Amino acid sequence: MVRKYYHITDNPAEADFALVFVSSPYQNNDGGSYDSYDRETGGNGYIPITLQYQTYTATEARAQSIAAGDPVIDPAVTNRSYKDKTATPSNTMDLATILTTRNQMGDKPVIVVTNITRPMVFHEFEHRVDAIVVRFGIGEQAVLDIIAGKYEPSGLLPVQMPANMETVERQ
């Protein structure tokens, strides 16, 4: 589809700019913030959900969660806290792709197009790229029309984008 708009090259020296398409950080486990392996190995089963690409340890989380246990999943659990537990997203290589592209492009613009399904922390790369286009499942053609200048981007984010994971934990 990009070929419809631009000449594509694998050589950064020949490129005018770079487009990097990524997804927001996500974790592959039993069900979001619950991990059966954590429960089987003596934990309460609850782990942090990270909104960033790098491994995150929830050092700022509450020691006692404000949520009670879950009588359906495990009545023995009375505290869902995930303080000091670590989460690593399944797509950490997306960050590596962004940073490698930035290094290869030198002074040339790098545009990151992120397909997100929930809030995301951008601090790991926002200072290294020239633009970030956020899409919520819309097709690539709409994004390319905006980047090509066919349409003016507009809209409001339906969720907040936190500055970092510590901000998320303190809320």
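Computed from a prediction, not measured in an experiment: that's the story for all the values here.
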> Leu99 and Met105: same hydrophobic cluster, using ILVMFWY side-chain contacts below 4.5 Å?
Replying inline: yes
> Roughly how far, to the nearest 0.5 Å, is the CD atom of Gln141 from the NZ atom of Lys4?
Replying inline: 3.5 Å
>> When you measure from the side chain of Thr9 to the backbone of Asn11, do you find a donor-acceptor pair of N or O atoms at a distance under 3.5 Å?
In response: yes
> For Ala87, does its backbone N or O pair with a side-chain atom of Gln27 as donor and acceptor, under 3.5 Å?
Replying inline: no
>> Between Val129 and Ile98, is there a side-chain heavy-atom distance shorter than 4.5 Å?
In response: yes
>> If you compare all heavy atoms of Thr114 against all heavy atoms of Val112, which two are closest, and at what distance to 0.1 Å?
In response: OG1-CG1, 3.5 Å
>> Please determine whether residues Met120 and Met93 belong to a single hydrophobic cluster, defined as Ile, Leu, Val, Met, Phe, Trp and Tyr linked transitively by side-chain heavy-atom distances below 4.5 Å.
In response: no
> Are the side chain of Glu124 and the backbone of Tyr53 linked by a donor-acceptor contact shorter than 3.5 Å?
Replying inline: yes
> Going from CG on Leu51 to CZ on Phe122, what distance comes out if it is rounded to the nearest 0.5 angstrom?
Replying inline: 10.0 Å
> Taking atom CD of Gln64 as the centre, does the number of heavy atoms from other residues, nucleotides or ligands within less than 6.0 Å exceed 12?
Replying inline: yes
>> With a 4.5 Å cut-off on side-chain heavy atoms, are Arg102 and Asp130 touching?
In response: yes
> Which residue pairs satisfy the ring-ring contact (aromatic ring centres under 6.0 Å, His included) criterion with at least one member in residues 60-118, sequence neighbours excluded?
Replying inline: none
>> Test side chain to side chain donor-acceptor pair (under 3.5 Å) on Thr167 and Asn164; report intermediate values, then the result.
In response: CA-CA 6 Å; Thr167 301; Asn164 52 49; 2.9 Å; yes
>> Could you report the tightest heavy-atom contact between Thr50 and Arg118, atom names first, then the distance?
In response: O-NH2, 3.6 Å
>> Quick one: does any side-chain atom of Asn91 pair with a main-chain N or O of Asp94 as donor and acceptor, under 3.5 Å?
In response: no
> From Arg3 CZ over to Leu144 CG, what is the distance, rounded to the nearest 0.5 angstrom?
Replying inline: 13.0 Å
>> For the residue pair Tyr46 / Asn79, report whether a side-chain donor-acceptor contact shorter than 3.5 Å exists.
In response: no
> About how many Å separate OG of Ser36 and CG of Asp74, when rounded to the nearest 0.5 Å?
Replying inline: 11.5 Å
>> With rounding to the nearest 0.5 angstrom, report the CD1 to CD1 distance, Ile116 to Ile132.
In response: 10.5 Å
>> Return the NE2 to CE distance between His123 and Met165, rounded to the nearest 0.5 Å.
In response: 9.0 Å
>> Please tell me whether Val134 and Tyr151 are part of a single hydrophobic cluster in this structure, the criterion being side-chain heavy atoms less than 4.5 Å apart.
In response: no
>> Give me the atom names and distance for the closest heavy-atom approach of Met161 to Pro119.
In response: SD-CA, 3.9 Å
>> Listing request: all salt bridge (Lys or Arg N to Asp or Glu O under 4.0 Å) pairs with a residue in residues 150-167, at least two apart in sequence or in separate chains.
In response: none
> Under 3.5 Å, is there a donor-acceptor pair between the side chain of Ser65 and the main chain of Ala67?
Replying inline: yes
> Under a 4.5 Å cut-off applied to non-hydrogen side-chain atoms, are Asp145 and Tyr5 in contact?
Replying inline: yes
>> Walk me through whether Ile147 and Tyr6 qualify under side chain to side chain contact (heavy atoms under 4.5 Å, CB included).
In response: CA-CA 11 Å; Ile147 292 170; Tyr6 303 104; 3.6 Å; yes
> Can Lys83 and Glu169 be counted as an ion pair, charged N to O under 4.0 angstrom?
Replying inline: no
> Where do Tyr34 and Arg80 land on the side chain to side chain contact (heavy atoms under 4.5 Å, CB included) test, with the steps shown first?
Replying inline: CA-CA 9 Å; Tyr34 188 82; Arg80 294 186 190 187; over 6 Å; no
> Is there a path from Ile66 to Val168 through hydrophobic residues (I, L, V, M, F, W, Y) whose side chains come within less than 4.5 Å of each other?
Replying inline: no
Residues 15-26 side chain polar contacts: donor-acceptor under 3.5 Å, at least two apart:
none

>> Minimum heavy-atom separation for Val77 and Asn44, please, with both atom names.
In response: CG2-O, 3.7 Å
